Amino acid sequence: MKRRPAVNIASKLYQRVAAFLILCASTLGLFVFLLYFFLNSSYTGQILETSMGMLFRGKIGFSRITFGPWPSQIRVHNFFIAD
């Protein structure tokens, strides 16, 4: 049975949209994965302590940062302020 041109166009459009959605989802997943490890690295602590040290007198620190189950919920563990 011969395929009609409209079916060919629809199937190509479906493939392109599906590929685009998969690419977007994998890029977003990679971004969340990298953000999670960056927030828990020691480099992030140094950056935040340095930037907060310029604003406040004393020492401000924390042990780690977590987020989840929703990405908008961020928790700072073992936060301390020393004079």
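Quick caveat: nothing in here was measured; it's all calculated off a predicted structure. Values below: all heavy atoms of this structure, side chains included; hydrogens, waters and symmetry mates excluded.
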Query raised in the report: Under the side-chain contact (heavy atoms from CB on, under 4.5 Å) test, which residues partner Y43, sequence neighbours left out?
Result: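 Y43 satisfies side-chain contact (heavy atoms from CB on, under 4.5 Å) with F38, S41, Q46, I47 once adjacent residues are dropped.
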Report task. Quick one: list whatever passes side-chain contact (heavy atoms from CB on, under 4.5 Å) with I22, sequence neighbours left out. Result -> none
Scan the side chains in residues 28-35 for donor-acceptor partners under 3.5 Å anywhere in the protein, sequence neighbours excluded, and list what turns up.
none

